[in-house]
Amino acid sequence: MKTIIQVNDVTVGYDKGERILHDLNFSIQAGDFVGIIGKNGAGKSTLLKSMRGFLPFDKGEILLADRRVQDYSQRELARKIAYLQQQVELTFDYTVRDMVMAGRYPYKKWWQQQGDEDDRIIEACMKYTDVLDMAERPIRALSGGQRQRVLLAKVLAQQTPVLFLDEPAAGLDLFYQEQIFRFCRELSARGKTVVMVVHELNLADRYCSRLMLLKQGNVLADAAPQQVLTDELLSAGYGTAIHARRNLETGHADIYTEELPLTSAKRELLDTIIGVDYQKGGEAL
Amino acid sequence: MTYHRKLVAGILAALVVFTFAFSLSAGQYDLSFVQVAAWFCHQLGLPVLEDVQISAQQEAVLMFIRSPRTLVGFMVGAGLAASGTILQGLFSNPLADPGIIGVSSGATVGAVLAITLGVNAVNMFAMPAFAFVGAIAAVLITIGLASRNGRIPVLTLLLSGVVVGMLLGAITAAMLVVMDEYKLQQYLFWTVGSLDYRRWEHVLMGIGPITLGIGIMLLMARHLNILALGEAEAKAVGMPVGRYRLILLLVSAMTTATSVCISGSIGFVGLIIPHMMRMLVGPNHKYLLPASIVAGGVFLLFCDSLGRVLIEKHEVNVGIMTAFLGTPYFLYLLRKNSNLDK
């Protein structure tokens, strides 16, 4: 497989003192479907932004198709990597069609208008993610699941070899969550490289070809899902006792955190919250 | 273009014809719509309405007073509304207007300086020239204060605009303190904005920069759509955000400055017209920008003409009319579609 992204000794810090990512080294092959996992604040989104060239790094280099990311123009980068943000806040009532059309932006010279070819491509993208019937509706009027599919159509309209998705399934219901993963698997099977920040570990297990577990800006594990989703690695990565089991019938991962014992201090807190005057032996409200 | 947008386009076209006729006929020197139409056809050499009589005096009024005033009104309205549309898209903020980046306060300082120095009495172009320089300088200061390493963060820009506006307001006030009553009167006329006594010279003065500005804006409509999605989205699709922000800021500053120079400061057009049109044709600038340009011209012309017929033997300044007509309608729209809260 061809290496599409090569990360060499990359260190990133938002401020001068604080380091978010430490000396990262890895490569991503064309057609990989990589899930980046780890607890909140582990540096997952930062890694994605750095690889896209949104964040400057202090040290090291990131190569995209053997060329340094910072040597690409903005337009060139947008034709190589499409990026789906964690949150998109819209001020105006842009329609679904307007939004998906934005994906065609990097293919136009500044004076050019969209043409029939662009229409053909965005219609295909909207059809694929099943939002074509709402093309003229304002995005702000859509549900979360519909919105995510619209944004996915937009990044697909960019026709990039690489897709970066930052928590695309967050806040979606069971069906839409899984649908996003299905889309990505189909796309990676056709040669697109997908890198996704993900919290849904059981879905990541079933759909990703590879998982990268980050802890405090370091790569703790980077391998096939079955090798990463173990008690030891997950517990170390998330800093709490985690069990990963396989369902014998389906073979799917069943991942859960270990329940902590109810301490007396916690019991007192609960008493206060629930409103029991425990010293007088009163009853709950 | 959907049926809905075609309908809006048709209505706007009809309104253009109506407001031009209204503006040409309204005023102390009364002319009927038929006379206006006849005069227009005669000018074009069309063999219609040949039996309608127009006196030499009426013809002079139409040619040298009403026509330039009408054109100036339409241009200024179009320019202000176009700039407002650009700024609202640029800041992804439906409450931005041309005043927000210091254009109006800069122009006022320039104008007051011209009045204080007395140069406006020497040459009729002196005050507009001073105002233009003041407006552009104010915008450059605002942008300069806001930019960091080639980036122009929106919030910093808006805050810089407010600060620069306050400072310039203080400078204006300081100059006003030392002004005599006659000059104060002139200042007052400037601040309320008026299309009174606008001649062909004013048309010539404004038509270049305003058409150029509007032309560039129309070319940029597609980019504005991307900017209006927010900075992060614009960057994700490969837009050099800083460069486009700067270009659009300067173009709208130039257009506003020109408008303010030939008509004084006229509020509300740049704020409410884009807003109204967005509710009618949607936020896509490919449709929104042309609609705002035409509607801005129509609205200002209508306000000006109404101001001429409202009170007998008196003219209500167009700046007052825009505020009086604009505010209630704006409030009505806000109540009807509470889009701002969503």
Side-chain angles (χ1 to χ4, degrees), chain A residues 45 48-49 52-56 72-95 97-115 118 135-141 151 154-155 157-160 163-166, chain B residues 1-5 85 88-96 149-151 154 215-216 218-244 247-248 274-275 277-288 337-342:
Chain A
S45 295
L48 216 53
K49 284 184 184 141
R52 173 58 181 79
F54 287 152
L55 287 178
Y72 284 88
S73 76
Q74 289 296 319
R75 236 158 65 94
E76 283 174 326
L77 261 183
R79 283 185 297 202
K80 294 276 182 216
I81 305 175
Y83 180 88
L84 193 145
Q85 295 184 74
Q86 220 175 84
Q87 264 182 336
V88 178
E89 287 296 329
L90 287 175
T91 317
F92 301 119
D93 275 331
Y94 279 102
T95 62
R97 185 183 294 278
D98 293 335
M99 187 56 157
V100 179
M101 193 51 105
R104 300 302 300 158
Y105 184 79
Y107 290 94
K108 300 280 142 191
K109 299 258 166 46
W110 72 269
W111 69 88
Q112 281 178 323
Q113 301 295 318
Q114 293 98 5
D118 300 302
E136 310 307 330
R137 287 178 60 192
I139 294 167
R140 292 198 297 186
L151 293 175
K154 191 209 96 175
V155 296
Q158 264 176 268
Q159 289 190 317
T160 53
L163 283 183
F164 283 179
L165 312 173
D166 198 349
Chain B
M1 206 154 64
T2 59
Y3 167 75
H4 176 72
R5 286 186 183 128
T85 312
Q88 290 178 10
L90 199 61
F91 296 134
S92 322
N93 186 336
L95 288 179
N149 314 322
R151 292 186 58 232
V154 171
I216 298 175
L218 287 171
L219 264 178
M220 292 284 192
R222 196 170 60 84
H223 303 277
L224 205 54
N225 282 338
I226 304 292
L227 273 176
L229 296 176
E231 187 167 344
E233 276 300 297
K235 281 187 171 162
V237 293
M239 171 182 261
V241 174
R243 194 188 311 161
Y244 278 99
I247 294 172
L248 285 166
H275 215 275
M277 289 302 119
R278 197 174 291 113
M279 287 170 182
L280 289 174
V281 300
N284 187 338
H285 290 88
K286 199 172 137 193
Y287 308 108
L288 174 60
N337 310 275
S338 47
N339 271 342
L340 282 177
D341 305 327
K342 269 199 258 172

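What you see below is based on every heavy atom in this structure, not just the backbone, and it leaves out hydrogens, waters and symmetry mates. All figures in this text were calculated on a predicted structure; none of them were measured in a lab. Labels below follow one simple rule: chain letters A, B, ... track the order of the sequence lines, proteins then strands, and each chain is numbered from 1.
Your options are B:G89, B:A228, B:A221, and the one with the most heavy-atom pairs under 4.5 Å with chain A is B:A228. Comparing B:G282, B:P240, B:A232, B:G230 by heavy-atom pairs within less than 4.5 Å of chain A, the highest count is held by B:A232.
Taken to the nearest 0.5 Å, the NZ atom of A:K154 stands 7.0 Å off from the CG atom of B:L229. Here the CD-OH distance, from B:E233 to A:Y105, works out to 13.5 Å after rounding to the nearest 0.5 Å. Summarising the geometry, atom CZ belonging to B:R243 is positioned 9.0 Å from atom CD belonging to A:Q74; distances are rounded to the nearest 0.5 Å. Here A:D98 contributes atom CG and B:K286 contributes atom NZ; the two are 9.5 Å apart, rounded to the nearest 0.5 Å. Taking NZ of B:K235 as the reference point, atom OH of A:Y83 lies at 11.5 Å (rounded to 0.5 Å).
Across all their heavy atoms, B:A236 and A:F54 have their closest contact at CA-CZ, 3.7 Å. The two residues B:L219 and A:Q113 come nearest to each other via the heavy atoms O-NE2, 4.3 Å. The two residues B:N225 and A:Y94 make their nearest non-hydrogen contact at OD1-OH, 3.3 Å. Residues B:V237 and A:A102 share a closest heavy-atom pair of CG1-O, 3.5 Å. Nearest approach of A:Q112 to B:R222, heavy atoms of both residues: O-NE, 2.7 Å.
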How far apart are the C-alpha atoms of A:T91 and B:Q88, what are their side-chain angles, what is the distance that settles it, and do they pass the side-chain contact (heavy atoms from CB on, under 4.5 Å) test?
CA-CA 10 Å; A:T91 317; B:Q88 290 178 10; over 6 Å; no
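Looking at A:R52, the atoms closer than 4.5 Å to chain B (heavy atoms on both sides) all sit in the side chain, from C-beta outward. Using a 4.5 Å cut-off between heavy atoms, A:M101 does not touch chain B at all.
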